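Not measured: the values here are computed from a predicted model.
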Amino acid sequence: MTQDTSRPKQTTWHALPVDQTAVKLGVQLKGGLTQAEFEKRQAEFGFNRIEGKAGKSFLIRFLEQFNQPLLYILIIAGAIKFFLEGWGSANGWVIWGVVLINAIVSFIQETKAENAIAALSSSIETEATLYRDGEKRQVPSSEIVPGDLVILTSGDKVPADLRLVETKNLQVNESGLTGESTAVEKQSQPVAENAPLADRSSMAYAGSFVTSGQGLGLAVARSQQYGLCREFRHLGPGTRVSGGDRQRHRNWAYLPIDGETNQPHHPPNPEI
């Protein structure tokens with residue numbers, strides 16, 4: 001019997017018990033990562049931020065809106081009309097007008113999407129409190145790596161997707177992710193594997209806000225594949241957002257989010 005190895009088994013962090021989560025991440029639940037381990041993981045996976053890509057000029061981006069097979073056909077059809085009927089051809093101007101309007105609308109939508117991505121990139125930058133080498137430290141959220149033990153307190157912005165390991169009256173506002181205006185209570189016990197996003201009470205997602213209480217969580221996904229605004233995962237400021245790009249991408253190969261991405265390509269424990 002042949003085994004299908006085309007896609008590794010997915011991990012649903014919200015459904016894993018706390019101790020299994022720590023084992024899968026290759027970390028201890030006390031004291032956080034050592035400085036040496038942090039440096040090793042940061043060297044491998046980079047910074048916790050959306051990396052911008054080189055932007056194109058407005059003219060180039062506008063001209064790219066015409067780079068579609070259907071528009072090629074319409075442009076040629078309009079040209080044929082003008083060739084047969086002269087520049088006074090009403091049908092020819094209508095066809096080219098439709099092509100131009102389509103390009104303008106697409107360009108406006110694309111620009112709005114890129115502006116939203118740029119704002120999103122800046123909005124997730126925050127300060128995070130975590131344990132490292134057994135000490136409590138405050139670091140930029142960009143320095144969070146997989147397996148970091150992050151501390152949450154009232155008023156904090158969640159700096160990465162966290163599998164909660166301890167909570168004390170913890171409530172988080174996830175309106176940007178779920179659309180619910182009221183804060184939801186969090187806890188550390190695993191939930192059903194098929195639980196909808198809004199019911200994954202064992203997770204705290206990046207970009208959401210702690211409204212009350214305290215908690216500890218292990219970082220399992222970072223800003224390049226975080227829960228908030230999932231439609232633009234994998235895209236950075238300056239990225240061209242075409243219709244084909246508006247789908248759910250995955251950008252960070254190390255850890256899953258919501259049980260949707262692959263297992264680590266260098267698992268900390270070979271038995272996992």
Side-chain angles (χ1 to χ4, degrees), residues 46-75 77-78 93-127 140-142 144 156-161 172-184 196-198 200 203-209 211 221-253 256-258 260-261:
F47 288 94
N48 174 33
R49 60 190 177 206
I50 297 178
E51 298 291 348
K53 300 178 183 179
K56 298 179 180 178
S57 68
F58 279 91
L59 178 60
I60 296 299
R61 287 168 46 211
F62 179 72
L63 293 177
E64 285 180 340
Q65 307 307 318
F66 296 93
N67 188 22
Q68 302 178 40
L70 178 59
L71 295 188
Y72 295 158
I73 296 174
L74 291 176
I75 292 172
W93 286 116
V94 168
I95 293 173
W96 278 11
V98 169
V99 172
L100 181 61
I101 291 172
N102 177 81
I104 292 173
V105 171
S106 297
F107 178 76
I108 292 173
Q109 292 177 336
E110 194 172 285
T111 300
K112 288 181 178 179
E114 291 177 2
N115 290 340
I117 294 168
L120 185 62
S121 177
S122 60
S123 70
I124 62 174
E125 291 290 340
T126 185
E127 292 291 315
S141 59
S142 59
I144 291 178
D156 287 348
K157 179 188 288 186
V158 181
D161 283 3
V172 177
N173 187 314
E174 297 177 334
S175 58
L177 175 62
T178 64
E180 297 182 3
S181 58
T182 57
V184 294
L197 190 63
R200 295 175 186 178
M203 299 289 297
Y205 291 105
S208 55
F209 291 89
T211 58
R222 310 187 302 169
S223 61
Q224 293 180 343
Q225 57 163 163
Y226 59 111
L228 187 61
C229 297
R230 299 156 62 83
E231 293 302 319
F232 297 112
R233 187 183 307 154
H234 181 70
L235 303 178
T239 302
R240 180 172 182 268
V241 185
S242 64
D245 291 326
R246 297 187 184 103
Q247 56 181 317
R248 301 188 177 187
H249 295 283
R250 294 153 183 85
N251 189 39
W252 191 35
I257 175 174
D258 302 339
E260 292 181 354
T261 56

query = Between Asp161 (side chain) and Ala206 (backbone), is there a donor-acceptor pair under 3.5 Å?
reply = yes
Applying side chain to side chain contact (heavy atoms under 4.5 Å, CB included) to Ala198 and not counting sequence neighbours gives Thr178, Glu180
Looking only at heavy atoms, the pair that brings Ile144 and Ala160 closest together is CG2-CB, 4.3 Å
For Gly78 and Ile95 the tightest heavy-atom approach is N-CG2, 4.0 Å
When rounded to the nearest 0.5 Å, the distance separating CG of Asp156 from CZ of Phe209 is 10.0 Å
Nearest heavy-atom approach of Leu177 to Tyr205 is CD2-CD1, 3.4 Å
Those residues at least two apart in sequence (or on a different chain) that pass side chain to side chain contact (heavy atoms under 4.5 Å, CB included) with Leu59 are Ser57, Leu63
Closest non-hydrogen contact found for Ser208 with Glu174 is CB-CG, 3.9 Å
Between Phe66 and Leu71 the two heavy atoms that sit nearest each other are CA-CD1, 3.8 Å
Within the structure provided, determine whether Leu74 and Trp96 are in side-chain contact (heavy-atom separation under 4.5 Å). no
Exercise for review: Please tell me if the side chains of Thr111 and Arg61 come closer than 4.5 Å, counting only heavy atoms from C-beta onward.
Suggested key: yes
Open item on the list: Measuring only between side-chain heavy atoms, which start at C-beta, is Lys157 closer than 4.5 Å to Glu127?
Closed with: no
query = Quick check: does any side chain N or O of Ser141 sit under 3.5 Å from a backbone N or O of Thr126, one acting as donor and the other as acceptor?
reply = yes
